[in-house]
Amino acid sequence: MNSTRSLERGFGTWVRRRLPHGVAEFVMFVLKQGWACLFGGLLLVAVICTKAIWGDDWLITRYDALFVFAVLTQAAMLLFRLETLKEAKVILLFHLTGTAMEFFKVSAGSWAYPEEAVFMVMGVPLFSGFMYASVGSYIARVIRIFDMRFAPYPPFWMTVVLAVAIYVNFFAHHFVWDIRWGLFAATVLLYGRTRITFTVGQTYWMPLPVAAFLASFFLWVAENIGTLTGTWVYAGSANFDWASISKMGSWYLLLYVSFVTVTLVIRAPLGSNKSAPDQIGDESCNHDNQIKADRA
């Protein structure tokens, strides 16, 4: 992990020496975000590439290839210390909860996987659990990479209750009233005062619900890549149809489940003061002054 951090700091220094401050901050923010979603990004690229090249007569099915790719990618991230063991625990938890939801949703007819696979249970290809795990991976990594802190943070038990209610509603709305509008309101009431402070070169902040909304948009875009490649098909939709905008609301709520799942294992950032930055391009004030001197 230390060698990775050294590489990240070195790259941040290189960027800041060559770009104006505001541009450098934006570039480093984008690069940090990309670095945080490395696992999900690689999986998305694999979905696109396999759709473009895969043949029906190949020895291994496309879904099985995606499963093998996901397993090897996860192993590589641990081997090369791109994820910590704590983050791996989070990913495993979210993998299990996501796969359970997949089993239920597919059996309920919410969506389907049209292709065949060996590594498939109850109509659900096993690579699908890694798509949920990639969200957990992103949240765990982005907290560390941006040295995030969340304050003021609501009582922890309330966040767990809300996360459980959201997760249960994904199942229960098939049988009783859908309470998602109440859950939307609850996220704002509970987290409305919570600020996410994060470090690029300087420290910035954003309301947690705003961050969740922005993240849900990009997850909705990623989901549409899956639908447009025919990797999964929603009920009532034809192959390659865009996913409904309402799916963005589902991702917004699911992000709170993901976030609370992360906090079951990683508690340090909750309600804490900012600590010293330690990731991509996070230089100290003295180092920033040295860069300014170099430019002069």
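What you see is a predicted model; the values in this text were computed from it and never measured.
The aromatic ring centres of Phe127 and Tyr63 sit less than 6.0 Å apart. Taking the six-membered ring wherever Trp is involved, the centroid distance between the rings of Phe171 and Phe175 does not fall below 6.0 Å. Outside the 6.0 Å centre-distance limit, the rings of Phe69 and Phe130 are not counted as a close aromatic pair.
Put simply, CD1 on Ile139 and CD1 on Ile266 are 10.5 Å apart, with the number rounded to the nearest 0.5 Å. From Cys37, atom SG reaches atom CG of Leu43 across 11.5 Å, with rounding to the nearest 0.5 Å. Annotation: the span from Leu72 atom CG to Phe67 atom CZ amounts to 9.5 Å, rounded to 0.5 Å.
Ile145 places a side-chain heavy atom less than 4.5 Å from the side chain of Trp35. Counting only heavy atoms from C-beta outward, the side chains of Tyr138 and Val262 never approach each other to under 4.5 Å. Residues Met148 and Phe150 are in side-chain contact: their nearest non-hydrogen atoms beyond the backbone lie under 4.5 Å apart. In this structure, the side chains of Phe184 and Ile179 stay at 4.5 Å or more apart for every pair of heavy atoms. Inter-residue side-chain proximity for Met101 and Tyr167 is flagged as met; some heavy-atom pair is nearer than 4.5 Å. Between Glu102 and Met122, the closest side-chain pair of non-hydrogen atoms is not below 4.5 Å. No side-chain heavy atom of Thr227 sits under 4.5 Å from any side-chain heavy atom of Thr231. Contact check for Pro154 versus Arg193: no side-chain heavy atoms found under the 4.5 Å cut-off.
Here the shortest heavy-atom pairing between Pro209 and Tyr256 reads CA-OH, 3.4 Å. Across all their heavy atoms, Ile225 and Leu44 have their closest contact at CD1-CD2, 3.6 Å. Between Ala212 and Leu255, the shortest heavy-atom contact is O-CD1, 3.3 Å. Looking at every heavy atom in both residues, Met120 comes nearest to Ala117 through CB-O, 3.7 Å. Considering every non-hydrogen atom in both Pro269 and Ile143, the closest pair reads CG-CG2, 3.6 Å. For the pair Ile166 and Leu183, the tightest heavy-atom approach, listed with the atom from each and the gap, is CA-CD1, 3.9 Å.
Criterion: ILVMFWY side-chain heavy atoms under 4.5 Å apart, direct or through other members. Under it, Met206 and Phe217 are part of a common hydrophobic cluster. Val71 and Leu82 fall within the same hydrophobic cluster, where Ile, Leu, Val, Met, Phe, Trp and Tyr residues are linked whenever their side-chain heavy atoms come under 4.5 Å apart, directly or through other members. Under a hydrophobic clustering in which Ile, Leu, Val, Met, Phe, Trp and Tyr are joined whenever their side-chain heavy atoms come within less than 4.5 Å, directly or via other members, Ile60 and Val118 fall into different clusters. Both Leu42 and Tyr132 sit in one connected hydrophobic cluster of ILVMFWY residues. Membership requires side-chain heavy atoms under 4.5 Å apart, directly or through other members. Following chains of ILVMFWY side-chain contacts shorter than 4.5 Å, one can reach Val210 starting from Tyr153, so the two form part of one hydrophobic cluster.
Taking a 6.0 Å sphere around CG of Leu85, one finds it holds 12 or fewer heavy atoms contributed by other residues, nucleotides or ligands. Around atom CZ of Phe218, no more than 12 heavy atoms belonging to other residues, nucleotides or ligands sit under 6.0 Å away.
Remark: side-chain polar atoms of Lys51 are not paired, donor with acceptor, to backbone N or O of Leu228 under 3.5 angstrom. Counting only distance, with no hydrogens or angles, the side chain of Asn224 and the backbone of Trp220 share a donor-acceptor pair below 3.5 Å. With hydrogens and angles disregarded, a donor-acceptor distance shorter than 3.5 Å links the side chain of Ser107 to the backbone of Phe103. Using modelled atom types, no side-chain atom of Ser110 and backbone atom of Val106 make a donor-acceptor pair closer than 3.5 Å. Panel note: side chain Glu25, backbone Gln202; a donor-acceptor pair is recorded below 3.5 Å.
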Begin from the C-alpha positions of Leu126 and Val121 and carry the test side chain to side chain contact (heavy atoms under 4.5 Å, CB included) through to its verdict. CA-CA 7 Å; Leu126 296 186; Val121 179; 4.0 Å; yes

Checking side chain to side chain contact (heavy atoms under 4.5 Å, CB included) for the pair Arg144/Thr84: CA distance, chi angles, key distance, verdict? CA-CA 10 Å; Arg144 170 169 53 84; Thr84 66; 4.1 Å; yes

Audit row: Arg141, Leu38, side chain to side chain contact (heavy atoms under 4.5 Å, CB included) steps and yes/no: CA-CA 9 Å; Arg141 282 170 55 79; Leu38 177 64; 4.1 Å; yes

Decide yes or no on side chain to side chain contact (heavy atoms under 4.5 Å, CB included) for Val233 and Trp111, but give the supporting numbers first. CA-CA 5 Å; Val233 181; Trp111 58 79; over 6 Å; no

Name the atoms and distances for all side-chain donor-acceptor pairs under 3.5 Å in residues 88-100, with sequence neighbours left out.
{"from": "Thr97", "atom 1": "OG1", "to": "Leu93", "atom 2": "O", "distance (Å)": "3.3"}
{"from": "Thr97", "atom 1": "OG1", "to": "Phe94", "atom 2": "O", "distance (Å)": "3.1"}
{"from": "Thr99", "atom 1": "OG1", "to": "His95", "atom 2": "O", "distance (Å)": "2.8"}

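Residue pairs meeting the salt bridge (Lys or Arg N to Asp or Glu O under 4.0 Å) criterion with at least one partner in residues 58-77, sequence neighbours excluded, are Arg62-Glu115. Residue pairs meeting the salt bridge (Lys or Arg N to Asp or Glu O under 4.0 Å) criterion with at least one partner in residues 206-222, sequence neighbours excluded, are absent.
Partners of Trp205 according to the side chain to side chain contact (heavy atoms under 4.5 Å, CB included) rule, which considers only residues two or more places apart in sequence or in another chain, are Arg195, Thr197, Pro207. Annotation: salt bridge (charged side-chain N to carboxylate O under 4.0 Å, His left out) contacts of Arg180 (sequence neighbours excluded): Asp178. Every residue two or more places apart in sequence or in another chain that forms a side chain to side chain contact (heavy atoms under 4.5 Å, CB included) with Phe26 is listed here: Val30.
Cation-pi geometry between Lys105 and Phe170 is not satisfied (NZ or CZ under 6.0 Å from the ring centre, within 45° of the ring normal).
The aromatic rings of Tyr191 and Phe259 sit perpendicular, their planes meeting at an angle over 60°, well past the 30° parallel limit.
Side-chain contact of Thr187 with Tyr252: a donor-acceptor pair under 3.5 Å is present, judged by distance alone.
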